[in-house]
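Okay, so here's the structure we're looking at.
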Amino acid sequence: MIAGVVLAGGIGVRMKSSFPKLFHKLLGKPIISYVLDNLSKLNLDKTILVIPPTLEDKFREIGGDKIVYVIQEKPLGTGDALRKAMPELEGMDVVLVVNGDAPLITDDIFENLIASHRDDVSAVILSTVLDDPMHYGRVIKDEKGNVIRIVEAKDAGPEEKEIKEVNTGAYCFSVRDLKVAIDMLDNNNAQGEYYITQLVEILNRMGKRVISYQTDLGSLALGINSRLDLALATKRLLEQKLEELMNDGVTIVSPENTYIEPDVKIGRDTIVEPFCVLKGNTLIGEKCTIGPSTYLLNAEIGDECEIFYSVIKNSRIESNVRVGPFAHIRDGAHIKSNSAIGDFVEVKKSVIGSNTKALHLAYLGDAEIGERVNIGAGTITCNYDGKTKHKTIIEDEAFIGSNTCLRAPIRVGRGAITGAGSVVLKDVEPGSTVAGVPARPIERKAKEEGGKSE
Ligand code: UD1
Ligand code: CA
């Protein structure tokens with residue numbers, strides 16, 4: 001039986017932040033969620049997360065109920081954190097221990113680490129080689145290549161400091177030996193902490209063998225301790241995401257100027273122009289052109305759409321829709337196929353029917369707009385009376401003249417027309433024309449009605 005323990009009980013002072021390090025976002029998701037996701041791919045028999053007492057709810061929100069949460073009352077060090085998890089390791093043979101701040105160590109690497117934990121080995125350290133080993137723990141080996149100690153940078157002598165193989169903070173222990181060794185930890189070191197890394201020396205004293213498994217990830221395998229580390233990890237994950245999308249048939253015109261979060265999905269032959277920011281659960285169909293300079297958050301976009309210099313949040317756009325430049329579509333808006341939302345048009349929580357056009361300078365909020373409707377420049381749905389929001393209904397084939405104000409709640413009937421500049425306070429009958437301030441029904445000119453007047 002194999003368990004995983006994630007150490008997340010520390011505070012992360014080097015971030016210089018008012019909130020805990022592991023909740024800082026990396027491409028839109030908290031750092032800790034990457035570590036938990038990577039571990040969840042390993043089919044472990046049990047996953048244990050060591051956390052500080054005040055943050056249980058926040059960690060549970062991210063980790064869910066499949067994880068066992070263990071509280072570390074005070075951040076006395078990584079060794080103390082693991083000690084707190086020991087009661088949960090009853091019945092386990094092997095334990096994978098991982099720092100909660102290492103989001104880039106993938107499931108493949110963990111698998112290899114676990115695989116190198118053989119019968120004659122008590123523990124395996126995941127290490128990597130750095131040109132500049134900085135503040136990381138140095139891996140000290142004997143002439144046979146076994147690991148005899150890990151020395152923290154703050155405790156290392158000048159010769160030890162020269163060692164370039166460093167501890168990544170991921171380990172695989174045999175639980176039987178660990179149970180004995182963990183009680184021998186002390187805090188006689190430069191930081192006065194219980195170091196998990198002291199276990200290596202203790203296991204050696206017990207006559208056990210410790211080895212290292214090296215990953216070539218380099219500095220990326222190491223924890224995120226600062227804002228700079230966060231930026232470097234973001235860069236790496238972003239490059240991976242863009243490469244994946246390109247491999248799947250998406251054109252990214254300027255990868256160095258494109259931000260796409262890991263859960264975004266994009267169909268084939270879609271082109272992402274420079275300066276796009278695509279976030280959350282955005283889903284884009286095939287053969288679209290997105291951007292330049294477009295921001296999409298949880299947007300669902302159909303096939304063959306053109307979204308040009310625009311912002312779309314939590315909304316759905318069907319196929320063959322043109323948006324922008326400078327449109328803002330938000331809060332559950334739904335734009336049906338073959339429509340167009342043009343320059344400086346804001347659409348909030350509204351349904352726009354197929355083949356409808358709102359091409360210039362409009363606000364459409366809490367509206368239900370039918371098919372083949374023309375929304376003139378400057379149309380405003382006056383949805384808010386200072387207390388509540390009200391609905392505007394515009395039926396199929398209506399024609400809303402430029403600068404019309406529609407005071408909601410209101411309904412404009414099928415095929416009705418509002419004159420330019422009208423302020424419409426009452427429902428408009430299907431097929432009728434209203435104009436003026438306030439708008440009143442007027443007779444349509446005989447010519448427009450094909451010779452007949454109503
Ligand atoms: C640790 C290792 C170091 C290694 C480096 C790799 C130790 C003593 N040192 O150093 O050898 O090179 O990781 O990134 O382990 N945590 C707790 N409780 C605590 C303290 C920390 O759960 O009391 C958690 C933190 O939340 C964090 C992880 O353990 O996720 C690592 O702690 P951190 O303080 O970042 O260790 P490093 O100094 O980076
Ligand atoms: Ca760290």
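For reference, positions follow the sequence shown, starting with 1. Keep in mind it's a predicted model, so treat the numbers as computed, not measured. Both counts, for ligands and for their atoms, begin at 1 and track the order of listing.
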query: For the residue pair Val124 and Val121, what are the closest heavy atoms and their distance?
result: CG2-CG1, 3.9 Å
query: For Leu364 and Thr379, which heavy atoms make the closest approach, and how far apart are they?
result: CD2-CG2, 4.4 Å
statement: dist Glu300:CD -> Ile312:CD1 (nearest 0.5 Å) comes out at 11.5 Å
message: Within the 4.0 Å heavy-atom shell around Leu76, which atoms of ligand 1 are there?
response: 23 (O)
task: Specify the protein heavy atom at minimum distance from atom 11 (O) of ligand 1: its residue, its atom name, and the distance to 0.1 Å.
output: Glu152 OE2, 2.7 Å
- prompt: When you measure from atom 18 (N) of ligand 1 to every protein heavy atom, which one gives the shortest distance, and what is it?
  reply: Gln72 OE1, 2.7 Å
Which bit of [X] is near ligand 1, meaning a heavy atom under 4.0 Å away: side chain, backbone, both or neither?
| X | value |
| --- | --- |
| Lys21 | side chain |
| Ala8 | backbone |
| Thr168 | backbone |
| Arg14 | side chain |

- prompt: Do Lys154 and His135 meet the criterion of a side-chain donor-acceptor pair at a distance under 3.5 Å?
  reply: no
query: Does any donor atom in the side chain of Asn298 or Asn314 lie under 3.5 Å from an acceptor atom in the other side chain?
result: yes
query: Is Gly10 in polar range of ligand 1, meaning some N or O pair under 3.5 Å apart?
result: yes
message: Is there a polar contact, in the sense of an N or O pair closer than 3.5 Å, between Val50 and ligand 1?
response: no
- prompt: Would Asn225 count as a contact for the Ca ion (ligand 2), in the sense that one of its N, O or S atoms lies under 3.0 Å from it?
  reply: yes
field: Close approach of Gln198 to ligand 1, heavy atoms, under 4.0 angstrom
entry: no
message: Given Tyr195, Tyr171, Tyr194, identify the one with the heavy atom nearest to atom 8 (C) of ligand 1.
response: Tyr195
